[in-house]
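Data first, discussion second: the structure below is written as structure tokens.
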Amino acid sequence: MTNEVRIVHLDDTSPNRRRGGDLRALLTPTAVGATSGFMGVAIMRPGERIGEHYHPYSEEFVYVLSGELEVDLDGVSHPLRPEQGLMIPVDMRHRFRNVGDTEARMVFHLGPLAPRPELGHVDTEETEPAAAGEVDLAPPDATKARA
């Protein structure tokens, strides 16, 4: 851990569309030296989704900034609206869908971190590949295991 203060702007992050939507890793071990968790923003266009997955080591905290989302938690759908928060327990399967007609944005935080990045995130379904011309430049440990 470092005592250096680091502010990361959304524009300084790379889009990650491997799991659907546009996941932006802002505050990560690699980016800021975080040791207890991982924070980012998910941006979803109307009709987009983030594929089902779970985190075997981390709880996930979500706060909806804008848009109309639905989240499936172990197969049960729940609406998520702006200014609502959600805590997803360890090992709970979840997916997000933008069910509105405008862009949706949510902040997510996971903690604690998995022992190794590749152990932090388990996909349980395939998602559509990124649109042609989009490049996934996110560092492998910044989103693969903790997004």
Side-chain angles (χ1 to χ4, degrees), residues 1-73 78-88 92-147:
M1 179 163 47
T2 178
N3 288 333
E4 179 184 341
V5 174
R6 180 84 197 278
I7 297 172
V8 179
H9 191 279
L10 187 66
D11 292 343
D12 296 332
T13 64
S14 298
N16 176 342
R17 294 189 159 277
R18 285 186 296 235
R19 292 184 174 91
D22 175 354
L23 301 175
R24 302 289 183 108
L26 278 99
L27 307 177
T28 67
T30 303
V32 298
T35 60
S36 65
F38 171 90
M39 201 267 317
V41 175
I43 304 166
M44 289 177 278
R45 295 179 293 226
E48 279 190 314
R49 69 184 176 96
I50 295 171
E52 187 184 77
H53 62 282
Y54 67 93
H55 308 283
Y57 294 93
S58 307
E59 296 173 327
E60 183 169 4
F61 300 86
V62 171
Y63 181 76
V64 179
L65 297 169
S66 63
E68 295 181 42
L69 297 171
E70 281 187 2
V71 59
D72 295 336
L73 302 170
H78 303 271
L80 275 179
R81 300 299 181 254
E83 300 186 7
Q84 289 185 322
L86 167 68
M87 196 277 298
I88 302 170
M92 180 172 280
R93 291 176 181 231
H94 55 284
R95 80 168 59 84
F96 297 93
R97 291 183 305 282
N98 181 345
V99 296
D101 57 5
T102 61
E103 178 183 270
R105 289 183 177 227
M106 69 179 184
V107 174
F108 59 88
H109 175 271
L110 285 90
L113 296 171
R116 294 192 323 268
E118 68 274 10
L119 299 177
H121 185 111
V122 179
D123 291 314
T124 54
E125 69 181 1
E126 290 186 34
T127 53
E128 296 81 33
E134 288 184 344
V135 178
D136 182 3
L137 300 174
D141 72 321
T143 55
K144 179 177 181 181
R146 302 180 191 124

Seminar exercise, completed: In short, Tyr54 meets Met92 closest at the heavy-atom pair CB-O, 3.5 Å

Exercise. How far apart are the closest heavy atoms of Gly21 and Glu48, and which atoms are they?
Worked result: CA-OE1, 3.9 Å

Exercise. Hey, are the side chains of Leu69 and Val62 touching, using non-hydrogen atoms and a 4.5 Å cut-off?
Worked result: no

Problem set entry | Main-chain N/O of Glu52 paired with Glu125 side-chain donor or acceptor, under 3.5 Å | yes

Exercise. Once you round to the nearest 0.5 Å, how far does CG of Asp123 lie from CD1 of Ile50?
Worked result: 11.5 Å

Problem set entry | Met39 and Val107, any side-chain heavy atoms less than 4.5 Å apart | yes

Exercise. Are Asp72 and Arg93 close enough for a salt bridge, meaning some N to O gap below 4.0 Å?
Worked result: no

Exercise. How many angstroms lie between CZ in Arg95 and CZ in Arg49, if you round to the nearest 0.5 Å?
Worked result: 6.5 Å

Seminar exercise, completed: Closest non-hydrogen contact found for Val64 with Gly67 is CG1-O, 4.2 Å

Exercise. What pair of heavy atoms forms the shortest contact from Leu65 to Pro82, and how long is it?
Worked result: O-CB, 3.8 Å

For this session: Mind running side-chain contact (heavy atoms from CB on, under 4.5 Å) on Gln84 and Tyr63 for me, showing each step along the way?
Result: CA-CA 6 Å; Gln84 289 185 322; Tyr63 181 76; over 6 Å; no

Problem set entry | Closest heavy-atom pair and its distance - Pro56, Gly120 | CD-O, 3.7 Å

Seminar exercise, completed: Rounded to the nearest 0.5 angstrom, the CZ-CG distance for Arg6 and Leu27 is 9.5 Å

Seminar exercise, completed: d(Leu86 CG, Phe108 CZ) to nearest 0.5 Å is 13.5 Å

Problem set entry | With sequence neighbours excluded, residues passing side-chain hydrogen bond (donor to acceptor under 3.5 Å, both in side chains) with Ser66 | none

Problem set entry | Asp12 CG: over 12 foreign heavy atoms closer than 6.0 Å | yes

For this session: Report the distance from atom NE2 of His109 to atom OG of Ser58, rounding to the nearest 0.5 Å.
Result: 9.0 Å

Exercise. Among all residues two or more places apart in sequence or in another chain, which pass the side chain to side chain contact (heavy atoms under 4.5 Å, CB included) test with Leu10?
Worked result: Thr13, Arg24, Leu26, Val41, Ile43, Arg105

For this session: Return the set of residues passing side-chain hydrogen bond (donor to acceptor under 3.5 Å, both in side chains) with His94 (not counting sequence neighbours), or none when no residue passes.
Result: His53, His55, Glu60

Problem set entry | Heavy-atom pair with the smallest gap, counting every atom of Gly100 and Pro46 | O-CB, 3.5 Å

Problem set entry | Atom pair CG (Asp22) and CZ (Arg17), whose distance is rounded to the nearest 0.5 Å | 4.5 Å

Problem set entry | Side-chain heavy-atom pair Thr35, Leu113 within 4.5 angstrom cut-off | no

